[in-house]
Number of protein chains: 2
Amino acid sequence: MPTKIEDVARRAGVSTATVSRVLSGKPYVSDELRQRVLGAVNTLNYRPSRVARSLRVQRSSIIGLIVSDIQNPFFTAVVRAIEDTAYQNKFSVFLCNSDEDVGKETMYLDLMLAEHVAGVIISPTAGMNDAYRRLVEERVPAVAIDRRITNVAIDSVLVDNVGAARQLVTHLIEQGHSRIGAVLGTPASSTGEERLRGYLDALHAHGLPVEQDLIRTGMPRILEGHAMMRELLQLPKPPTAVFTGNALLTIGALRAIHSSGLRFPDDIAMAAFDEMDWMFFVKPALTVVAQPTYDLGRLAVELLLKRMDEPDRPIEEVVLAAHVHYRESSKWRVPNANGANHQKEG
Amino acid sequence: MPTKIEDVARRAGVSTATVSRVLSGKPYVSDELRQRVLGAVNTLNYRPSRVARSLRVQRSSIIGLIVSDIQNPFFTAVVRAIEDTAYQNKFSVFLCNSDEDVGKETMYLDLMLAEHVAGVIISPTAGMNDAYRRLVEERVPAVAIDRRITNVAIDSVLVDNVGAARQLVTHLIEQGHSRIGAVLGTPASSTGEERLRGYLDALHAHGLPVEQDLIRTGMPRILEGHAMMRELLQLPKPPTAVFTGNALLTIGALRAIHSSGLRFPDDIAMAAFDEMDWMFFVKPALTVVAQPTYDLGRLAVELLLKRMDEPDRPIEEVVLAAHVHYRESSKWRVPNANGANHQKEG
DNA sequence: CTGTTAGCGCATTCAC
DNA sequence: GTGAATGCGCTAACAG
């Protein structure tokens with residue numbers, strides 16, 4: 001049986017109110033009593049019940065964080081950033097994994113509300129879920145990350161997916177490719193949709209035709225990436241380069257390339273969204289866009305804290321730029337291209 | 001302001017006790033009242049406060065999970081398994097990241113105790129931390145995963161690291177290698193120590209000499225793996241094969257190999273602990289041991305539930321076998337066997 | 001079967 | 001400055 005505030009009060013010869021005051025750093029307590037209380041707390045090894053405290057003050061110091069896929073390195077990087085920032089502000093993080101499942105997401109959202117968390121940060125599984133509305137109705141501070149929520153207005157921190165995708169595909173085009181495949185996450189999520197849009201933008205800007213056969217979308221996971229890439233490779237006229245929209249898809253695609261007996265990057269070029277910042281350690285020939293995971297997480301917490309202070313400020317939407325890394329080794333040549341050499345520069 | 005149980009009671013024309021009974025599925029409530037209550041709950045969109053409930057019953061239905069590195073794919077895989085199993089048993093998971101930091105670990109452990117979680121699953125950062133003792137003192141069900149805790153007896157689910165490491169290194173020896181480097185996690189953790197032991201075992205069993213220069217240990221992370229591997233490659237007489245003890249170390253090592261201008265696996269062979277089950281998609285030439293992440297997580301939860309039911313049962317320690325994958329492409333030959341040194345100048 | 005009541009551990013009035 | 005008293009929302013005795 002854990003020690004209660006009453007035990008401490010008795011041990012220190014004061015009232016529970018005084019103990020409470022000391023522990024929450026309130027002023028107006030004489031130094032003598034403060035010392036006595038602290039001593040008692042120490043010898044009794046007292047740890048206040050956060051449950052009781054939360055019930056009393058109707059608000060905990062916990063930030064609920066719901067990510068759509070804990071196995072996606074992009075999100076673990078963001079989680080790290082969020083934890084760091086929350087910790088610096090005396091908040092703890094209650095992390096849950098919705099696993100791209102709207103049902104689980106709703107369940108966890110309800111759980112957070114029932115736990116009276118101080119605020120919620122969420123990477124939404126779908127664009128709209130009735131549960132999001134409850135957040136607003138109950139006036140729980142919330143911010144969406146990475147993906148846009150469409151059915152209710154809440155603060156969000158996003159990445160410029162369109163711009164980054166366009167840069168990536170443009171790079172491939174400038175290397176001389178004209179048949180460029182796309183292996184993307186489902187357009188049902190704003191990220192998938194935006195990256196597809198960037199791909200299309202780049203093709204249009206260079207007057208290249210869009211071939212629906214070259215565009216594949218699905219769940220952003222290894223297995224699906226593998227399947228989609230295999231389909232592309234089995235096409236009568238497969239692409240000479242591929243744009244992948246996510247690190248897990250990239251891994252699946254690489255596997256498909258290998259198991260087809262093809263070699264990367266000699267037989268097929270690739271440019272990818274790399275949500276882990278180490279993909280290129282293993283495949284230096286990849287052209288990747290590194291995502292601003294740390295800023296994303298930090299800003300999410302900061303936005304949340306701001307909203308906790310001023311519940312009525314206007315909704316804010318931050319869009320971060322993603323930085324494309326062109327590596328030496330990514331200046332490959334078009335394999336089997338009409339003739340020799342489409343290499344742009346040295 | 002969220003609706004309270006009293007509101008529901010009034011709306012349904014019953015007492016709060018009846019509402020409570022209906023909601024917790026207790027028997028002895030007439031069908032008529034049950035319907036009325038359910039109706040009220042529905043129209044009022046009532047969600048019971050878990051905070052108040054936890055305070056009352058002195059126990060939540062949350063399992064606290066503290067992992068030592070959320071960015072390590074091994075742990076995210078285990079987290080998935082734990083969540084699945086917990087969810088099937090009507091528990092939610094409160095996940096925290098100690099980030100290999102004993103201070104943070106202690107903080108989170110205290111937090112879980114203060115939150116009155118139903119139980120704690122932890123991958124310990126260090127072998128001993130006074131905070132572990134508190135778990136036992138307060139009789140909070142707990143189980144350690146992946147690493148052994150030495151200063152207090154608690155249930156644990158471990159992997160047969162010695163056996164797996166021995167198999168991996170033996171494989172390299174059987175391929176003809178005799179100068180085998182080791183890039184391992186710190187022996188301060190039981191995993192690091194055991195994998196080192198397996199390495200030594202294999203060498204001894206084949207009568208090979210142990211060269212301290214070929215053994216490097218450090219934090220199990222990319223940066224450290226890179227540094228250690230570089231040191232090995234800069235040795236006057238570098239190894240012809242390397243055994244790495246962790247997926248992140250492996251990535252770092254691969255990077256060092258690449259940036260030295262060497263090629264894998266032509267210039268140097270490698271066998272690795274691969275905590276992600278997709279490392280070999282990217283590097284099929286690796287020989288890896290796949291870790292039983294799902295079983296590990298599932299068993300951890302099951303052990304926890306058992307201890308919740310019978311607090312006084314004897315401590316249990318489960319050791320899982322890890323399975324080694326020998327792939328076609330890993331049957332390489334010793335590069336330039338007893339011939340020239342393949343070191344390149346950097 | 002159902003309602004009334006008494007806390008769970010703490011923070012916060014309001015008196016002193 | 002300090003203590004006594006009240007209630008946060010809920011469940012579990014205990015009556016009826």
Side-chain angles (χ1 to χ4, degrees), chain A residues 1-38 40-41 44-62 110-118 138 140, chain B residues 1-38 40-41 44-62 110-118 138 140:
Chain A
M1 184 144 53
T3 39
K4 324 190 307 181
I5 197 170
E6 208 187 343
D7 304 329
V8 179
R10 194 163 346 156
R11 185 80 152 75
V14 299
S15 75
T16 62
T18 304
V19 177
S20 176
R21 288 197 188 94
V22 172
L23 260 46
S24 31
K26 290 265 166 56
Y28 305 124
V29 181
S30 72
D31 257 10
E32 193 207 327
L33 287 199
R34 167 163 281 123
Q35 291 314 319
R36 288 226 305 264
V37 168
L38 257 27
V41 164
L44 291 181
N45 204 352
Y46 169 68
R47 205 172 318 101
S49 159
R50 300 179 62 117
V51 177
R53 181 174 200 292
S54 295
L55 180 60
R56 180 58 236 244
V57 299
Q58 293 292 51
R59 174 175 184 279
S60 76
S61 60
I62 292 179
D110 279 345
L111 178 61
M112 319 238 102
L113 292 181
E115 288 282 349
H116 280 113
V117 295
E138 313 222 355
V140 175
Chain B
M1 179 147 53
T3 39
K4 326 190 305 182
I5 198 170
E6 210 187 342
D7 304 327
V8 179
R10 193 165 345 158
R11 186 80 152 73
V14 299
S15 74
T16 62
T18 302
V19 177
S20 176
R21 287 196 188 94
V22 172
L23 260 45
S24 32
K26 290 264 167 57
Y28 305 125
V29 181
S30 73
D31 258 10
E32 193 209 325
L33 288 199
R34 167 163 282 123
Q35 292 314 322
R36 288 225 306 264
V37 169
L38 257 27
V41 164
L44 292 182
N45 205 352
Y46 169 68
R47 205 174 315 101
S49 159
R50 299 178 63 115
V51 177
R53 182 174 200 292
S54 295
L55 180 60
R56 179 57 234 239
V57 300
Q58 294 292 58
R59 173 178 184 276
S60 76
S61 60
I62 292 178
D110 280 346
L111 178 61
M112 319 238 104
L113 291 181
E115 287 282 349
H116 280 113
V117 295
E138 312 221 356
V140 175

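These numbers come from the heavy atoms of this one structure, side chains and all, not from hydrogens, waters or symmetry mates. Order of the sequence lines sets the chain letters (A, B, ...), proteins ahead of strands, with each chain counted from 1.
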**Request:** Please tell me which of B/Ala17 and A/Ser20 maps to the more 5' nucleotide of DNA chain C, matching each residue to the nucleotide holding its nearest heavy atom.
**Result:** B/Ala17
**Asked** Given atom CZ of A/Arg10 and atom P of D/dG3, what is their separation to the nearest angstrom?
**Response** 14 Å
**Prompt:** Are A/Asp110 and B/Arg47 close enough that some pair of their side-chain heavy atoms sits under 4.5 Å apart?
**Reply:** yes
**Message:** Can you confirm whether A/Arg11 sits close enough to A/Thr3 that some side-chain heavy atom of one is under 4.5 Å from a side-chain heavy atom of the other?
**Reply:** no
**Request:** Nearest whole angstrom, please: distance from the C1' of D/dT2 to the CG of A/Leu23.
**Result:** 16 Å
**Request:** Answer yes or no: is there a donor N or O on one side and an acceptor on the other, between the side chain of A/Thr16 and the main chain of A/Glu6, under 3.5 Å?
**Result:** no
**Item:** Residue mapping more 5' on DNA chain C - nearest nucleotide basis, B/Asp31 or B/Val57
**Value:** B/Asp31
**Request:** Would you indicate which nucleotide in D/dC10, D/dA12, C/dG9 comes nearest to any side-chain atom of A/Leu55?
**Result:** C/dG9
**Item:** Atom pair distance, as rounded to whole Å: CZ in A/Arg36 and C1' in D/dT2
**Value:** 12 Å
**Request:** Nearest whole angstrom, please: distance from the C1' of C/dA6 to the CD of B/Glu6.
**Result:** 15 Å
**Request:** Quick one: label A/Val19 by what it contacts on the DNA or RNA (base, sugar-phosphate, nothing), any heavy atom closer than 4.0 Å.
**Result:** nothing
**Request:** Output yes when B/Arg10 and B/Asp7 qualify as a salt bridge under the 4.0 Å nitrogen-oxygen rule, no when they do not.
**Result:** yes
**Request:** Grab the CG-P distance between B/Asp7 and D/dC8 for me, whole Å please.
**Result:** 11 Å
**Side-chain H-bond candidate by donor/acceptor type, A/Ser61 with A/Arg53, under 3.5 Å** = no
**Item:** Below 4.0 Å: OP1/OP2 of D/dT2 and any side-chain N or O of A/Ser30
**Value:** yes
**Prompt:** Contact class for B/Thr18 (heavy atom, under 4.0 Å): base, sugar-phosphate, or nothing?
**Reply:** sugar-phosphate
**Message:** Regarding C/dG9, can its base be found pairing with the side chain of B/Arg56 as donor and acceptor, where the two atoms are less than 3.5 Å apart?
**Reply:** no
**B/Leu55 side, atom CG; A/Arg50 side, atom CZ - distance, nearest 0.5 Å** = 14.5 Å
**Request:** Measure the distance from CD1 on A/Ile5 to P on D/dG3 and round it to the nearest whole Å.
**Result:** 12 Å
**Prompt:** For D/dG9, does either OP1 or OP2 sit under 4.0 Å from a side-chain N or O belonging to A/Gln58?
**Reply:** yes
**Request:** Specify the residues of residues 46-54 of chain A, ordered by number, for which at least one heavy atom lies under 4.0 angstrom from an atom of DNA chain D.
**Result:** none
**Request:** Quickly work out the A/His116 NE2 to D/dC8 C1' distance and round it to whole Å.
**Result:** 9 Å
**Message:** In whole Å, I'd like the distance from the OH atom of B/Tyr28 to the C1' atom of D/dC14.
**Reply:** 16 Å
**Prompt:** Side chains of B/Arg36 and B/Val14: closer than 4.5 Å at any heavy-atom pair?
**Reply:** yes
